[in-house]
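Here is the structure we will look at, set down as structure tokens.
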Amino acid sequence: MIKILLTGATGAMGKTVASLCQEEENMEIVAGIGLDSTGDEGFKVYQNLGEVREEVDVVIDFSSTKLLDDILSFAKEKKTALVLATTGYSEEDFAKIEAFSKEVAIVQSGNMGVGINVIEKVVEELAKTLQGFDIEIVEKHHNKKKDAPSGTAEMLYKAADRGRGGSTHAVRGRAGMSEGRDENEIGIQAVRGGTITGEHDVIFAGLDEVITVSHHAQSKKIFATGALKAAEFLVDKEAGRYDMHDVLGI
């Protein structure tokens, strides 16, 4: 039985993970970290990691970037694997994750969904093939999402940049710009409204033709399912930094 500590347990994603985990025969959430616990989560919910006394195999994190230091330290001390599904990390945060992965097995991804990780590979190949096409990324999310652009949009940008040999630079919104785009820029635009779960379009615009690669998430379940797959993948894995491509074998 894989014993899971769920950080962000009382948030929308945490609740989704907890619900889906109940259907898994080889996994159990033994404790959670969160605020405003109702007491009916089915496991003990603490407010900080220092209170956790349960034995844990894997931490699944859908909380906040503010907890990263505490989560990394907990995983190192307890020798537990980590699934980092929170988005909005800074370059400094990524450096910390990389450093801790020398001692802890970590899966980190801007998006845990199966489909978007397949599209990431498609975007890289299209960017490589469609030289001369302008690339634009448009992402849409609900009005409660805090980070912008989304972690997924940044992930797709990096895929396109790899396809272009690392020659591009990102332009995140164009407010105040008075000149046209240059050939090496990739625009990233963020939309926030309503209850949009997550939509991402990568537009390849060439002379007299446009190709658009789209992914629309219809529920949060796809992210929770991916996180549980990642937790299962990490069992008995050596320390290192992994992503969803490793989990899915793509």
To the nearest 0.5 angstrom, please state how far the [atom1] atom of [X] sits from the [atom2] atom of [Y].
X: M1; Y: E25; atom1: CE; atom2: CD; value: 8.5 Å
X: K76; Y: K102; atom1: NZ; atom2: NZ; value: 13.5 Å
X: S101; Y: Q108; atom1: OG; atom2: CD; value: 10.5 Å
X: K121; Y: L248; atom1: NZ; atom2: CG; value: 10.5 Å
X: Y242; Y: I106; atom1: OH; atom2: CD1; value: 10.5 Å
X: I60; Y: I71; atom1: CD1; atom2: CD1; value: 12.0 Å

If you take all heavy atoms of [X] and [Y], which pair is closest and at what distance?
X: V202; Y: I135; answer: CG1-CG2, 4.0 Å
X: Q131; Y: G163; answer: NE2-O, 4.0 Å
X: A217; Y: I222; answer: CB-CD1, 3.6 Å

For D161, does its backbone N or O pair with a side-chain atom of T168 as donor and acceptor, under 3.5 Å?
->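 Not a single qualifying donor-acceptor pair exists.
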
Single-linkage hydrophobic cluster [X]~[Y], side-chain heavy atoms < 4.5 angstrom:
X: L49; Y: V58; answer: no
X: V123; Y: V138; answer: no
X: V171; Y: L156; answer: no
X: F62; Y: I29; answer: yes

Show the numbers, then the answer: is there a side chain to side chain contact (heavy atoms under 4.5 Å, CB included) between V52 and I33?
-> CA-CA 9 Å; V52 177; I33 302 295; 3.8 Å; yes

Do [X] and [Y] come within less than 4.5 Å of each other through their side chains, counting heavy atoms only?
X: D246; Y: V107; value: no
X: I97; Y: L68; value: yes
X: M244; Y: N111; value: no
X: F94; Y: R241; value: yes

Residue from K145, H215, Q189, R192 passing side chain to side chain donor-acceptor pair (under 3.5 Å) with E139 =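 Exactly one option meets the side chain to side chain donor-acceptor pair (under 3.5 Å) with E139, and it is R192.
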
Could you walk me through whether T7 and D61 pass the side chain to side chain donor-acceptor pair (under 3.5 Å) check?
-> CA-CA 5 Å; T7 55; D61 174 47; 2.6 Å; yes

CA sep, side-chain torsions, deciding dist, call: E183, R164, salt bridge (Lys or Arg N to Asp or Glu O under 4.0 Å) = CA-CA 11 Å; E183 61 181 11; R164 290 286 167 88; over 6 Å; no

Can you tell me if [X] has over 12 outside heavy atoms packed within less than 6.0 Å of its [atom1]?
X: K96; atom1: NZ; result: yes
X: K140; atom1: NZ; result: no
X: D182; atom1: CG; result: yes
X: D36; atom1: CG; result: no
X: E55; atom1: CD; result: no

K146 and S64: side chain to side chain contact (heavy atoms under 4.5 Å, CB included), yes or no, with the steps?
-> CA-CA 10 Å; K146 296 179 181 179; S64 164; over 6 Å; no

Hey, mind stepping through F74 and L5 against side chain to side chain contact (heavy atoms under 4.5 Å, CB included) and telling me if it holds?
-> CA-CA 11 Å; F74 177 89; L5 171 64; 3.7 Å; yes

Taking the six-membered ring of F233, is NZ or CZ of K237 closer than 6.0 Å to its centre and within 45° of its axis?
->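 Geometry flag: set, cation within 6.0 Å and 45°.
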
With no hydrogens and no angle check, do the side chains of D70 and S73 hold a donor and an acceptor under 3.5 Å apart?
->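 S73 and D70 do not have a side-chain donor-acceptor pair below 3.5 Å.
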
Check the side chains of E54 and Y46 for a donor-acceptor pair under 3.5 angstrom, ignoring hydrogens and angles.
->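 Present: a donor and an acceptor within the cut-off.
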
CA sep, side-chain torsions, deciding dist, call: K221, L20, side chain to side chain contact (heavy atoms under 4.5 Å, CB included) | CA-CA 8 Å; K221 290 182 179 180; L20 289 180; 4.2 Å; yes

